[in-house]
Amino acid sequence: MDPRIDVGEWAENGVDWLDETFGPVLDGISDGLSTVYDAVVDLLTAPPFLVMVVLFAALGWFVRSWQFAIFAAAGFYLIAAMDQWEGAMETLTLVLLSAGMAVLLSVPLGVWAAKSSTVSQIVRPVLDFMQTLPPMVYLIPALAMFGIGSVPGMLATVVFAMPPGVRLTELGIRQVDTEVVEAGQAFGSPPGRILRQIQLPLALPTIMAGINQVIMLSLSMVVLAAMVGAAGLGLDVLSGLTTLDVAIGVEAGLGVVILAIYLDRLVAALADRAPVVKAAKVRD
């Protein structure tokens with residue numbers, strides 16, 4: 001008889017235990033995230049779309065260039081012209097909230113891993129597992145604990161998008177020149193100040209690259225999150241797939257591409273600008 005190890009059953013029992021033990025806490029998290037999500041969606045969809053197009057273009061001009069501002073205006077206007085505006089703003093909200101939570105978790109964890117070899121050795125195989133596990137598997141426990149809607153998609157996206165943020169933060173901190181750190185120590189700077197004023201500023205380009213990857217993975221995952229009821233362009237992509245509606249699938253997919261390019265270029269521009277500011281503060 002072939003051996004049988006009920007790993008799946010153990011995982012199911014673990015999810016059931018979490019749901020039963022921490023049910024009120026999970027409900028509170030779900031209600032809180034739903035409230036924040038609804039508030040951000042209302043904020044983005046309440047003004048006329050032309051006002052938001054101008055704001056997105058102005059942000060692109062301020063952060064990057066007037067050429068990027070023209071692209072942003074044309075891209076977001078095209079989204080509205082395809083009647084995908086509300087879905088795009090819902091997707092943008094999911095990405096911003098998911099990526100924001102992933103960054104808040106991954107950057108401190110990456111710093112901790114850079115400071116402790118033990119933590120790094122523990123975290124590394126966990127991150128390998130998280131990156132190789134099929135993305136849709138994350139949706140199953142999230143759906144079991146939080147039900148259908150945007151919240152399980154959001155939390156599954158957080159877990160899926162964290163690894164590059166942790167890895168590149170750790171890499172950036174470890175790549176800081178040890179002589180610079182030793183110079184700060186020689187002047188009597190405590191570890192916290194060395195981290196804030198030397199290591200983080202010098203590692204910022206690498207950390208920002210990790211944040212960029214977190215955002216891109218979040219954007220890819222929120223499309224899959226439509227399978228558990230998450231709103232946004234992913235619903236139209238899923239609808240086009242299930243009904244073989246090429247038109248709606250292409251329009252929703254194009255909206256995702258425009259959002260991806262806009263966010264990618266925006267974060268890249270911030271990465272180019274931020275180190276100069278930080279370095280100036282360190283010199284002062």
Holding to side-chain contact (heavy atoms from CB on, under 4.5 Å), I want the full list of residues that pass it with Thr243, two or more places apart in sequence or in another chain. Ser239, Asp245
When rounded to the nearest 0.5 Å, the distance separating CD1 of Ile198 from CG of Asp177 is 11.0 Å
Are any side-chain N or O atoms of Ser220 and backbone N or O atoms of Leu217, one a donor and one an acceptor, separated by less than 3.5 Å? yes
Counterpart residues, side-chain contact (heavy atoms from CB on, under 4.5 Å), relative to Ala156 (two or more places apart): Tyr138, Leu139, Ala142, Met221
Which Ile, Leu, Val, Met, Phe, Trp or Tyr residues join Leu168 in one cluster when any pair of side-chain heavy atoms under 4.5 Å counts as a link? Leu171
Hits for side chain to side chain donor-acceptor pair (under 3.5 Å) against Asp264, two or more places apart or cross-chain, chain-then-number order -> Asn212
Output for pair (Met101 CE, Leu96 CG), nearest 0.5 Å, gives 11.0 Å
Residue pairs meeting side-chain hydrogen bond (donor to acceptor under 3.5 Å, both in side chains), one or both in residues 122-131, sequence neighbours left out, come to Ser120-Arg124, Asp128-Arg167, Gln131-Arg167
Non-hydrogen atoms of Gly60 and Leu266 that approach each other most closely: CA-CD1, 4.3 Å
If the condition is side chain to side chain donor-acceptor pair (under 3.5 Å), which residues does Thr21 pass it with, not counting sequence neighbours? Trp17
Distance check, rounded to the nearest 0.5 Å: Met227 atom CE versus Leu235 atom CG? 11.5 Å
Taking only distance into account, with no hydrogens and no angle test, what donor-acceptor pairs under 3.5 Å do side-chain atoms of residues 24-40 form with protein atoms, sequence neighbours excluded?
unit_1: Ser34; atom_1: OG; unit_2: Ser30; atom_2: O; d: 2.8
unit_1: Thr35; atom_1: OG1; unit_2: Asp31; atom_2: O; d: 2.8

Listed pairs under 3.5 Å, donor-acceptor, residues 76-90 side chains, sequence neighbours left out:
unit_1: Glu90; atom_1: OE1; unit_2: Gly232; atom_2: N; d: 3.1

Output every pair passing salt bridge (Lys or Arg N to Asp or Glu O under 4.0 Å) with a member in residues 67-81, not counting sequence neighbours, ordered by first then second residue. none
What residues, two or more places apart in sequence or in another chain, satisfy side chain to side chain donor-acceptor pair (under 3.5 Å) together with Trp66? none
Locate the shortest heavy-atom distance separating Leu127 from Pro163; write the atom from each residue and the value. CD2-CA, 3.8 Å
Does the Tyr262 side chain pair with the main chain of Phe56, one donor and one acceptor, at a distance under 3.5 Å? yes
Residues sharing Val250's hydrophobic cluster, by side-chain heavy-atom contacts under 4.5 Å among ILVMFWY, directly or via others? Val246
Under 3.5 Å, side chain of Thr91 to main-chain N/O of Leu233, donor-acceptor pair present? yes
Under the side-chain contact (heavy atoms from CB on, under 4.5 Å) test, residues paired with Thr118 that sit two or more places apart: Ser116, Ile122
